[in-house]
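Below is one structure, written out as structure tokens, with a few remarks after it.
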Amino acid sequence: MGPVVLVHGIWNAVPGLTPAQAAEAKAETAAKRLRDGLVAAGLPHVDVPPLVMAYYAHQLADDYRPQRQSAGRDRLEDLSAAQTAEAWEWLRLAGVEPVEAQAALLAPVRWGIGRLVARRAHGAAPGVRDRLAELLSRLVVATLQDTDAYTSRPARRRAVRETVAEAVRGSGARVLVAHSLGTVVAYETLHAYPDLELDLLLTLGSPLGLPALMRKLEPEPVDGRGARPPGVRRWVNIADVGDLVAVPPRLGDAFPVDVHETTDIGLFDPHTLGGYLSSGLTASALAPYLA
């Protein structure tokens, strides 16, 4: 059985561990969640493959304070004016109707998140809605800040891509599973290193279709369409129905995805890698490549 490379997303900085230790720990956790997914898919006889985590969170860290991610103190107030405007553009794409206010202000962003919570948690107790609003706010902040951390500095961007490329080359993997911001990193890496050949690219909870992010991609999409990485034989995308990061959820409308699927991994677990790996839908997509 061949190995599978994982590319993580936001909220993955691990203070106190070396990058190698963090990569190993996260791969072990992912293996347990994928085992759950195989059981959920009715495939308990399928073995979990060796997992290799392409860990790059430390490479984003010098002025983006990754310890904040672990402590869960991401605040809307931490966004720059440009990031706040991008957040409002994002919320409108998620289906929030515009309000008579400046997009660069926090008030419409808070209001937009509240509208999404009301839609997703209709009928839930106020405490549940407050908890979900806090989670979605943190998702917005972490995604925008980590995206800027990755895209704003060319040397850092190249270093992160090289980390992923080395993980694929060193392991000999033919399957790559990318999550969240990791789908952006994987997409750019596979274009930057066209010699990397994969039988399957599986993207989970991808923000690739966000307009603000598409404008920053390398290579930049042409006429609103991203190009297929040259070495990818098959591309499958899975988005949770409540995943605010995976907006728009149908990635195939802007990228040459072969198969798009939606799932529901829970109200309070709509974006984690573990949540996606424990889904039977994710396990079923991987299973044909694990024999």
Side-chain angles (χ1 to χ4, degrees), residues 1-9 12 19 23 27 30 49-60 146-239 246 250-261 273 282 285-286 288-290:
M1 178 183 296
V4 171
V5 167
L6 306 175
V7 186
H8 67 74
N12 274 278
L51 299 181
V52 177
M53 178 63 74
Y55 181 77
Y56 64 88
H58 62 294
Q59 293 173 292
L60 303 181
D146 278 11
T147 296
D148 279 353
Y150 172 68
T151 60
S152 63
R153 299 190 182 182
R156 172 187 289 159
R157 200 171 194 166
R158 289 192 297 269
V160 172
R161 291 173 182 166
E162 181 60 27
T163 293
V164 176
E166 287 179 356
V168 176
R169 287 200 194 99
S171 65
R174 302 284 301 187
V175 175
L176 188 150
V177 178
H179 170 245
S180 184
L181 177 61
T183 67
V184 178
V185 173
Y187 177 81
E188 293 195 347
T189 299
L190 294 170
H191 277 289
Y193 298 90
D195 59 300
L196 298 177
E197 296 186 354
L198 297 175
D199 294 326
L200 175 67
L201 170 62
L202 177 58
T203 49
L204 308 172
S206 177
L208 272 168
L210 286 172
L213 186 48
M214 290 183 71
R215 294 192 290 267
K216 301 173 185 178
L217 282 178
E218 295 179 354
E220 185 176 354
V222 177
D223 296 327
R225 292 286 298 177
R228 187 186 188 93
V232 174
R233 293 183 60 187
R234 185 170 178 80
W235 184 351
V236 176
N237 182 67
I238 297 176
R250 281 200 55 81
L251 194 58
D253 293 340
F255 292 87
V257 174
D258 296 303
V259 177
H260 174 81
E261 300 281 1
L273 175 58
T282 300
L286 283 171
Y289 301 88
L290 303 184

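The model shown is predicted, which means the values in this text are computed figures rather than measured ones.
For Arg225, the salt bridge (Lys or Arg N to Asp or Glu O under 4.0 Å) criterion is met by no residue, not counting sequence neighbours. Among residues two or more places apart in sequence or in another chain, the ring pair (Phe, Tyr, Trp, His ring centres under 6.0 Å) test is passed with Phe255 by Tyr187. Residues meeting the side chain to side chain donor-acceptor pair (under 3.5 Å) test with Arg228, sequence neighbours left out: Asp258. Under the side chain to side chain donor-acceptor pair (under 3.5 Å) criterion, Thr163 pairs with Gln59, sequence neighbours left out. Applying the ring pair (Phe, Tyr, Trp, His ring centres under 6.0 Å) rule to Tyr56 yields the partners His8; only residues at least two apart in sequence or on another chain are considered. Shown here are the side chain to side chain contact (heavy atoms under 4.5 Å, CB included) partners of Glu166, two or more places apart in sequence or in another chain: Glu162. In this view, Asp199 and Arg174, Arg233 satisfy the side chain to side chain donor-acceptor pair (under 3.5 Å) rule, not counting sequence neighbours. For Pro288, there are no side chain to side chain contact (heavy atoms under 4.5 Å, CB included) partners at least two apart in sequence or on another chain. Residues satisfying the side chain to side chain contact (heavy atoms under 4.5 Å, CB included) test with Ala246, not counting sequence neighbours, are Ala239, Asp243. With sequence neighbours left out, the side chain to side chain contact (heavy atoms under 4.5 Å, CB included) criterion links Ala167 to Val5, Val52, Ala54. The side chain to side chain donor-acceptor pair (under 3.5 Å) search around Thr203 returns Trp235, Asn237, not counting sequence neighbours.
Across Gly2 and Pro50, no two heavy atoms sit closer than the pair O-CD, 3.9 Å. The minimum heavy-atom distance linking Ala178 with Ala186 is given by the pair CB-CB, 3.8 Å. Considering all non-hydrogen atoms of both residues, Thr183 and Pro207 come closest at OG1-CD, 3.4 Å. The two residues Tyr150 and Glu188 come nearest to each other via the heavy atoms OH-OE1, 2.6 Å. Shown here for Ser206 and Leu208, the closest heavy-atom pair between the two residues is OG-N, 3.1 Å. Closest approach of Met214 to Ala254, counting heavy atoms only: CE-CB, 4.0 Å.
The shortest side-chain heavy-atom distance between Leu176 and Val168 falls under the 4.5 Å cut-off. Within the 4.5 Å cutoff, no side-chain heavy atoms of Ile238 are placed close to those of Val259. Using a 4.5 Å heavy-atom threshold, the side chains of Thr282 and Leu202 count as touching. Residues Thr189 and Leu196 meet the side-chain proximity criterion, which asks for heavy atoms closer than 4.5 Å. Using a 4.5 Å heavy-atom cutoff, the side chains of Leu273 and Met53 are in contact.
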Would Val232 and Leu190 satisfy side chain to side chain contact (heavy atoms under 4.5 Å, CB included), going step by step from the backbone distance to the final call? CA-CA 8 Å; Val232 174; Leu190 294 170; 3.8 Å; yes
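Among residue pairs with one or both ends in residues 209-223, those qualifying as side chain to side chain donor-acceptor pair (under 3.5 Å) are Glu86-Lys216, Glu89-Arg215, Asp148-Lys216, Arg157-Glu218, Arg161-Glu218; sequence neighbours excluded.
Of the possible polar contacts, none joining the Arg234 side chain to the Leu201 backbone as a donor-acceptor pair under 3.5 Å is found. With hydrogens and angles disregarded, a donor-acceptor distance shorter than 3.5 Å links the side chain of Ser171 to the backbone of Ala173.
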